[in-house]
Amino acid sequence: MRIAIGSEQISKILNYEDRTTCVLFGDGAGAALIKLDDSLYVHKAYADGNFEGLNCTGVGKKDNYLHMDGKAVFKAAVTHLIKQ
């Protein structure tokens, strides 16, 4: 058995005056207990960082908040889900 643990602190890059973005994101953590098995299951989830609809200029920059174009994000998500 193996344990995988991950966490993220999105609250540091959220602008709480931008109600179109901040209500959708928050800090989180999760853990999973993983057991080796002979069956094959593959789940692919990724972000290539090349999408202008959801971006952050980076910590330490003048405007270091997460920005989201909701319509563009929705369109990208629906397009990606259809392909799978």
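Ile34 and Ala4 make their closest contact through CD1-CB, 3.9 Å (heavy atoms, listed as atom of the first residue, atom of the second, distance).
Atom CG of Asp27 is separated from atom CD of Gln9 by 5.0 Å, given to the nearest 0.5 angstrom. Separation of atoms CD1 (Ile13) and CG (Leu66) is listed at 5.0 Å; rounding is to 0.5 Å. Distance check: Leu24 CG to Arg19 CZ gives 10.0 Å after rounding to the nearest 0.5 Å.
Considering only heavy atoms from C-beta on, Tyr65 stays 4.5 Å or farther from Leu14 through its side chain. Within the 4.5 Å cutoff, the side chain of Tyr16 has no heavy atoms near those of the Val23 side chain.
Taking the side chain to side chain donor-acceptor pair (under 3.5 Å) definition, one finds that Ser7 meets it with nothing, sequence neighbours left out. Residues forming a side chain to side chain donor-acceptor pair (under 3.5 Å) with Asp18 (at least two apart in sequence, or on another chain): Thr20, Thr21.
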Where do Phe74 and Asp69 land on the side chain to side chain contact (heavy atoms under 4.5 Å, CB included) test, with the steps shown first? CA-CA 9 Å; Phe74 178 79; Asp69 176 351; over 6 Å; no
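In the hydrophobic clustering, where aliphatic and aromatic side chains (Ile, Leu, Val, Met, Phe, Trp, Tyr) are joined below 4.5 Å either directly or transitively, Met1 groups with Ile3, Ile5, Leu33.
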